[in-house]
Amino acid sequence: METLRSPIPVDLRGLNYAYGEGELRRLVLRDVTLAVQPGEIVLLTGPSGSGKTTLLTLIGALRSMQEGSARVLGEELRGASEAARVRLRRRIGFIFQNHNLLGFLTARQNVAMALEQDGTQSESARLRRAAELLGSVGLADHVDKLPAQLSGGQRQRVSVARALAADPGLVLADEPTAALDKASGQEVVKLLRNLAKSRGVPILLVTHDPRILDIADRIVAMEDGRIVDTAKEKAG
Amino acid sequence: MNDQLPPLLPWAPELATPTGGPPAAAPRRAPGFVAASLLALRLAWRQLRSEKARFASAIAGVMFACVLVFMQLGFRAALFDSAAAVIGAMRGDLFLMHPMTLASFKPEPLPRIRAYQVLALPEVERAVPVYLAQATWRNPEDGTRRAIQLIGVDTDAGVLDFPGLAPLVEQLKRADTVAFDQRSRPEFGAVARLLAERGPFPVEVGNRQVEVVGLIEIGPSFGADGNIVLSDVNFRRVVKERLVSAIDLVAIKLRPGSDVLAVQRQLAEILPGDVMVLTQAELNAHERRYWEQGTPIGFIFAFGSLMGLIVGMVIVYQILFSDIAGHLKEYATLKAMGYSNGYLGRVVLGASLILAVAGFVPGFVLSTFLYDVIGASTFLPLSMDVPRATSVFLMIFTMCAVAGLLAMRKLRDANPADMF
């Protein structure tokens, strides 16, 4: 069973995670089992402290595992080395609540940063691809602007383009619309949805934003480190 | 929001693959070490360039360290060069010196008879006694007195090679004539100007009136502020207390084709223990060794250089550290995107090396300028040369690299798991 290569992009089984040591040890994830299918958009909701962010960082190979099994894009994360986790991150697109763009690089250079880890592309190919991506998120006229010269929604769209640049097998997003107005938020969500449906890339999204619940294929509610409810096929 | 969203993404199935399936992922290969290092260097450059004020202050810090080290090393070399100027101008195959002479400006006298004894060997063509002493020079303009180095030698013998001396040989044979070192400190008076105005004129050296007949070039050293060259006879007239039989150095000329080292061994055997036999190179080394090891001067300049490097390192470290601390989120984002610690380390190291180069170039230019200015006002032989520039660059490079390595530790604080 364990030796079989899982075709499921995200396959978590019996995940436990705790912060602290000894008396201060506090379980934040208890026996979490979750699978995300190709092309599926899964929303994680729940009160703060329910463990959804910790879950996201574990799936994103940003933390080392403690108990349970997690297969992400076919890689077992349990006991994976730092180098293996760094390699896996290159195949995952991250979108943060804040755009976290490099302030000293233009929008195009920021997107190209995600492509610089692939040695098969030339510099001009990287920049061309970055410009294409920015065009596809509606920023064709802003490729050479610094993040400081862009609006909040535009910045978040740059970070979406960056997350998508390296052809990720999975996109993880943490409150991507929290800092945006309704229209910008809708656009970002529409972009993500297009991606999931056209490329078969699953998206795992942590959000409190009720305005975007309708894009989800499935809503997973968490509370106190457990998955308490999964509302299936909401969007049909 | 005025931006129009195009209806389809470029990777939409309709565009990417006509058959309808998602396009296969392109093969991935991490860039090679050199390519990745160049990308890291470019990122470092873009980051440094974006904050002009910080970049400028970092360059100023490196430049400061660079100038400090150049000055210290320049002074050190100038000291050793000038200290050996008199000895370095001696021309002879072998030299006799008292073993207790530490440096030429305070020689231990040796018996003149040794100069005649070496003539016993058939290879020896000439043995020329050299008298060295300091005497008081009275400034011909304002009458103030100051100690000056006297070099007394038979000027016909050809054992001194100072620029300007050759045409003066005949004049120096006259009684009470001297040749003045025009690179002596200005406190000795504007001798060159007076000589040009009046022709040979009288001055007072060691309570005796002598005539300045010409100018030569030696340069002041830390042992002597100025020099005059005169014949051995005139030397004895000026330094009356000196016994005729007590000399300070013997320059030996050998017949052409003689084996210098063999003669040196032979002489060392024949002569008593109150002299040592040195080649020209050994004599120079002996003179330098006194200044390098017998005085704290070498240590002082080495210490000064080290301080300059440490100050520069602290400045570079501070700049790099605050750069990282101010961009922790961005660094954490890069880590989340799959950039390794090693790559980000190369970014920091790249920044430190950019600072090394950007600080060295103006530091080099400024130091060259200062060498000219200070050299002209102190009469020390300060000049920029390639070996020194190279070694200072390596020092600055190392300084920046160490600062970069120290600052790199701050990268550990950039934890991508904290980004959510």
Side-chain angles (χ1 to χ4, degrees), chain A residues 53-54 56-57 60 62-63 82-83 86-94 96-98 100-105 109 113-114 116-121 132-133 135-142 151 153-154 157 162-164 166-167 169 174-175 183-184 187 190-191 194-195 198-201 206, chain B residues 1-16 21-36 38-40 42-51 323 326-343 415-420:
Chain A
T53 298
T54 305
L56 209 60
T57 56
L62 302 176
R63 270 181 214 288
E82 167 80 17
V86 168
R87 269 200 306 279
L88 177 59
R89 283 181 215 157
R90 295 179 191 159
R91 298 165 56 199
I92 300 175
F94 291 92
F96 305 95
Q97 181 171 354
N98 299 307
N100 290 338
L101 298 172
L102 299 183
F104 53 89
L105 296 182
Q109 288 167 341
M113 280 299 292
E116 282 181 13
Q117 310 214 48
D118 180 4
T120 57
Q121 291 192 49
E132 261 170 42
L133 282 157
S136 72
V137 297
L139 293 175
D141 298 336
H142 304 282
S151 71
Q154 289 169 331
R157 278 189 274 157
R162 178 173 66 177
L164 307 185
D167 282 332
D174 182 41
E175 309 255 11
S184 314
E187 277 170 22
K190 204 169 137 198
L191 280 171
N194 266 353
L195 169 77
S198 64
R199 287 291 312 276
V201 175
V206 166
Chain B
M1 211 54 51
N2 301 323
D3 309 294
Q4 284 297 312
L5 281 180
L8 285 173
L9 295 166
W11 54 79
E14 300 90 313
L15 294 177
R28 281 162 204 269
R29 174 169 58 81
F33 183 81
V34 174
L38 286 176
L39 288 172
R42 189 180 66 177
L43 188 64
W45 163 243
R46 285 174 172 171
Q47 181 173 359
L48 283 174
R49 190 187 53 178
S50 71
E51 291 191 57
D323 245 357
H327 292 105
L328 269 188
K329 269 179 108 95
E330 284 86 347
Y331 278 112
T333 308
L334 289 176
K335 280 190 185 178
M337 285 162 64
Y339 282 97
S340 62
N341 272 321
Y343 181 90
N415 184 0
D418 296 339
M419 293 302 297
F420 290 100

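Note on naming: letters A, B, ... go to the chains in the order of the sequence lines (proteins, then strands), and numbering restarts at 1 for each one.
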### Message
Using heavy-atom distances under 4.5 Å, tell me whether A:Leu105 contacts chain B through its side chain, its backbone, both, or neither.
### Response
side chain

### Message
Heavy-atom cut-off 4.5 Å, strictly under: side chain, backbone, both or neither for A:Glu175 against chain B?
### Response
neither

### Query
Pick from A:Leu102, A:Val201, A:Ile92: which one has the most heavy-atom pairs with chain B under 4.5 Å?
A:Leu102

### Summary
Looking only at heavy atoms, the pair that brings B:Pro416 and A:Arg89 closest together is CG-NH1, 4.1 Å

### Query
If you look at every heavy atom in A:Phe104 and B:His327, which pair is closest and at what distance?
CD2-NE2, 4.4 Å

### Task
Could you list the residues that satisfy side-chain contact (heavy atoms from CB on, under 4.5 Å) with A:Ala83, not counting sequence neighbours?
A:Ser81, A:Arg87

### Message
Set out, in order, the CA-CA distance, both residues' side-chain angles and the distance that settles side-chain contact (heavy atoms from CB on, under 4.5 Å) for B:Thr333 and A:Met113, then state yes or no.
### Response
CA-CA 11 Å; B:Thr333 308; A:Met113 280 299 292; over 6 Å; no

### Message
Taking B:Met337's backbone N and O only, do any of them form a donor-acceptor pair with A:Gln117's side chain (distance below 3.5 Å, no angle check)?
### Response
yes

### Query
Excluding sequence neighbours, so at least two apart, what forms ring pair (Phe, Tyr, Trp, His ring centres under 6.0 Å) with B:Tyr339?
B:Tyr343

